[in-house]
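Each ligand, and each atom within it, is numbered from 1 in the order the structure gives. In what follows, residues are counted from 1 in the order of the sequence shown.
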Amino acid sequence: MKALIVNCSPVKTGATAEIVSIIEKEISTRYDTKCICIDDYDFKFCKGCRSCHVTAKCVMDDDIFKIMGMFSDADIIVSVSPSYWADIPGQYKSFIDRCTPWCDTHEPHASIGEGKKGYTVALRTGPGMHECDRIIQSIEHFYGHLHIECSGNLGLTSIEYKENVEPRKNEIIDFCKNI
Ligand SMILES: Cc1cc2nc3c(=O)[nH]c(=O)nc-3n(C[C@H](O)[C@H](O)[C@H](O)COP(=O)(O)O)c2cc1C
């Protein structure tokens, strides 16, 4: 079984990347894992033209197809997202917008395949869980429209830098036991 772990932050060496690497280490004994960072890919914003509602294809041709190829290939997807202004980072939101050709709100639509499971980890610097809940809700909404079954989530507060992740390692390891 293949697992795709996505760093939804543009920071490749920060707290989100640290959590991605803990998850990879924990599940790599059970899954063939691949980790990506959203910032490694070059894609444009959705133009909102709705051509894909009729054709199931995007009018643009860029790295979105590479990412969706990896989504298609994976059995499970783990998205790890920090809070940027109380929401998912703009880069990940732009990616989700560009997934509209694969979204089930219109016919025809493309498909990444059925039977996939999706997990979400949200982190933030502030102390309240409400921002983590909002991020989890956005990503699970995205999963739902791609027919990825929402299978677990974890919210982590009071994390700013990668040094803040180590004391939370056990929470992350516990979460991984259910993946
Ligand atoms: C542009 C920006 C906006 C942020 N906005 C929030 C916020 O609204 N609430 C919060 O709790 N933390 C916020 N943070 C803090 C991040 O969620 C936190 O530092 C996280 O660990 C960043 O992970 P990263 O360095 O891997 O991207 C923000 C950080 C950045 C860079």
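Remark: ligand 1 and Ala17 share no N or O pair separated by less than 3.5 Å (distance only, no angle test). Residue Thr16 has at least one N or O atom closer than 3.5 Å to an N or O atom of ligand 1. Where the criterion is an N or O separation shorter than 3.5 Å, residue side chain and backbone included, Gly14 fails it with respect to ligand 1.
The side chain to side chain contact (heavy atoms under 4.5 Å, CB included) with Ser81 is formed by just one residue from the set Ser138, Cys8, Ser9, Cys132; it is Cys8.
Residue-ligand proximity, Leu123 to ligand 1, at heavy-atom distances under 4.0 Å covers atoms 17 (O), 20 (C), 21 (O). Against a heavy-atom cut-off of under 4.0 Å, Pro82 is close to the following atoms of ligand 1: 17 (O), 20 (C), 22 (C), 23 (O), 27 (O). Listed by number with element, the atoms of ligand 1 under 4.0 angstrom from any heavy atom of Gly126 are 10 (C), 11 (O).
In the hydrophobic clustering of this structure, Val20 does not group with Ile139; members are Ile, Leu, Val, Met, Phe, Trp, Tyr whose side-chain heavy atoms approach within less than 4.5 Å, directly or through other members. One hydrophobic cluster, built from ILVMFWY side chains closer than 4.5 Å, cannot hold both Val121 and Phe142; they sit in different ones.
With respect to Glu131 and Arg134, no salt bridge is recorded, no charged nitrogen being found less than 4.0 Å from a carboxylate O.
Side-chain rings of Phe45 and Phe95 stay apart, their centers remaining 6.0 Å or farther from each other. Within the 6.0 Å centre-distance limit, the rings of Trp102 and Phe65 are counted as a close aromatic pair.
Nearest to atom 28 (C) of ligand 1 by heavy atom, out of Ser158, Ser83, Gly90, is Ser83. The residue from Glu131, Glu160, Arg124 that puts a heavy atom closest to atom 19 (O) of ligand 1 is Glu160.
Closest protein heavy atom to atom 8 (O) of ligand 1: Ala86 N, 2.9 Å. The protein non-hydrogen atom at the shortest distance from atom 5 (N) of ligand 1 is Trp85 N, 2.8 Å. Given atom 18 (C) of ligand 1, the protein heavy atom at minimum distance is Thr125 OG1, 3.2 Å.
If you look at Ser9 next to ligand 1, the close heavy atoms, those under 4.0 Å, all belong to the side chain.
Under the 4.5 Å side-chain criterion, counting only non-hydrogen atoms from C-beta, Pro10 is in contact with Tyr84. Counting heavy atoms from C-beta on, the side chains of Ile148 and Ile112 come closer than 4.5 Å.
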